[in-house]
Enquirer: 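Next up is a structure, given as structure tokens.
Hydrogens, waters and symmetry mates play no part in the numbers below; they use all other heavy atoms, side chains included. Just follow the structure's listing: the first ligand is 1, and inside any ligand the first atom is 1.
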Amino acid sequence: MSAWNFAAGPARLPDAVLALAERSLFARDASGACVSEQPFSGAACRALRAHASRQLAALIDLPADYRILFLAGGAMQQFSLLPLNLAAPGQRVGYVDTGYWAARAALEATLHRPVHTLPPPGDAPLAVPDDLAYCHLTTNETADGLAWPELPAPPPGVPLVADATADFLCRPLDISRFGLLYASAQKNIGVAGLTVVIVRQDLLARSPASLPALWSYARQAEADSCVNTPPVLALQLAALVFDWVAEQGGLPAMAAANRRKAALLYAAIERSHGFYRCPASPPWRSPVTVCWHLPEAGLEERFVAEAVAAGLHHLAGHPRRGGIRACLYNAMPEAGVAALAEFMADFQRRFG
Ligand SMILES: *Cc1c(COP(=O)(O)O)cnc(C)c1O
């Protein structure tokens, strides 16, 4: 029986990447060292960074005035670095309150700068004051199963900043709409320990000289993301994933596959006539983190337990949200999602 991991992250890696990683990551070269054993300022590590940057830039169609930083640490570290780098002391920063992760990002920012909270656009469009240092949004709310159907346009002079951790590389994104976006690696890029930051070059001038070097986007950009020893192994895996995404046909192919996968689950929810309930309104339903509820918590526990027996793992919703959650990031094959849709129909026949 196949086993499928629907965890929110760390998440599954593509099978082909895992196989290649087993063969290549610890292979030693003529100098007697694998890449992780080499000086990070040396030729092998420089070549790795250059290859990863080039591949990623091609995948996301990076405009010329943007820089890619490969930083250690997770997305939550960026929650603190954003206000410290991009806003002057006392300057307001804006956060669109779409759900769990947006709220956590805003909470960290309040430790450093005054936060102006914006309700997500619904009947009214997003109204962004023009004195904000930036406007932050979460492209995909992993715990709530929401994704922005369309990006907002803040006033000129207020850069859009995004936590793109959950759906980075899952669909084409117009980078020029953002001042900065960031994604930690363990969902769609590779393994934990690495965060990709994409920043418009002019914003680097905002990093105060007084910031610790490791926290400064400007100092990291100057140092080619190597102010100190970088997470080389995580970057090697990321480079393998970038190559794999390109081989699959790039972001349009990822988006098409993710739409097909998500459609299987949303169709199963619609067909259930209310047995499975998805709280997200249809335009906001995420293609990569699908969340739903059953009529009672007891049934949800049973669903999760019986799913494990059917080879479908880690389907419990976020602890703060409850219910069921299936994460269908890039590396989840359609066969796994089809098996889950089948299990949903069978479970409803028995308990609905
Ligand atoms: C998983 C996730 C995070 C958490 O990232 P860490 O790398 O663990 O800090 C942050 N934001 C979003 C949207 C996520 O999905």
Enquirer: Considering distance alone, does some N or O of Lys187 sit under 3.5 Å from an N or O of ligand 1?
Expert: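 Yes.
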Enquirer: Just need the protein heavy atom nearest to atom 8 (O) of ligand 1, so name the residue and atom and give the distance.
Expert: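 Protein heavy atom with the smallest distance to atom 8 (O) of ligand 1: Gln186 NE2, 3.4 Å.
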Enquirer: For ligand 1, note which part of Arg104 has a heavy atom under 4.0 Å away: side chain, backbone, both or neither.
Expert: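 For Arg104, no heavy atom sits under 4.0 Å from ligand 1.
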Enquirer: Please verify the inter-ring angle class for Tyr100 with His318; under 30° counts as parallel, over 60° as perpendicular, anything in between as tilted.
Expert: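 Tyr100 and His318: tilted rings.
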Enquirer: Which of the atoms in ligand 1, numbered in the order shown and given with their element, are less than 4.0 Å from a heavy-atom of Thr138?
Expert: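 Near Thr138, the atoms of ligand 1 are 13 (C).
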Enquirer: Within a distance under 4.0 Å of any heavy atom of Met76, pick out the atoms of ligand 1 and give their elements.
Expert: 9 (O)
Enquirer: List every atom of ligand 1 that sits less than 4.0 Å from any heavy atom of Gly74, numbering the atoms from 1 in the order shown and giving each element.
Expert: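 Under 4.0 Å from Gly74, ligand 1 has these atoms: 7 (O), 9 (O).
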Enquirer: Considering non-hydrogen atoms of the protein only, which is the closest contact for atom 15 (O) of ligand 1, and what is the distance?
Expert: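 So the nearest neighbour among protein heavy atoms is Thr142 OG1, 2.4 Å.
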Enquirer: Pairs of nitrogen or oxygen atoms closer than 3.5 Å, one from Asn140 and one from ligand 1: do any exist?
Expert: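 So ligand 1 has no N or O lying under 3.5 Å from an N or O of Asn140.
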Enquirer: When you compare the side chain of Thr98 with that of Trp284, does any pair of heavy atoms fall below 4.5 Å?
Expert: yes
Enquirer: At what distance is the nearest protein heavy atom to atom 4 (C) of ligand 1, and which residue and atom is it?
Expert: Trp101 CH2, 3.5 Å
Enquirer: Under 4.0 Å from any heavy atom of Ser184, which atoms of ligand 1 are there?
Expert: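 Listed by number with element: 5 (O), 6 (P), 7 (O).
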Enquirer: Could you tell me if the side chain of Phe6 sits less than 4.5 Å from the side chain of Leu312, heavy atoms only?
Expert: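 SC-SC contact between Leu312 and Phe6 confirmed.
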Enquirer: Just checking, is any N or O donor in the side chain of Asp163 or Thr138 under 3.5 Å from an acceptor N or O on the other one?
Expert: no
Enquirer: Got the closest protein heavy atom to atom 11 (N) of ligand 1, with its distance?
Expert: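 The protein heavy atom lying closest is Asp163 OD2, 2.6 Å.
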Enquirer: Salt bridge check, Arg325 against Glu300: does any charged N sit closer than 4.0 Å to a carboxylate O?
Expert: no
Enquirer: Do the side-chain N and O atoms of Asp167 and Asn188 include a donor-acceptor pair separated by under 3.5 angstrom?
Expert: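 Not at all, the side chains of Asp167 and Asn188 share no donor-acceptor pair under 3.5 Å.
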Enquirer: Using the salt bridge (charged side-chain N to carboxylate O under 4.0 Å, His left out) definition, which of the options Arg46, Arg49, Arg67 pairs with Asp224?
Expert: Arg49
Enquirer: Hey, are Arg104 and Glu108 close enough for a salt bridge, meaning a charged N less than 4.0 Å from a carboxylate O?
Expert: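 Result for this pair is no, no salt bridge flagged.
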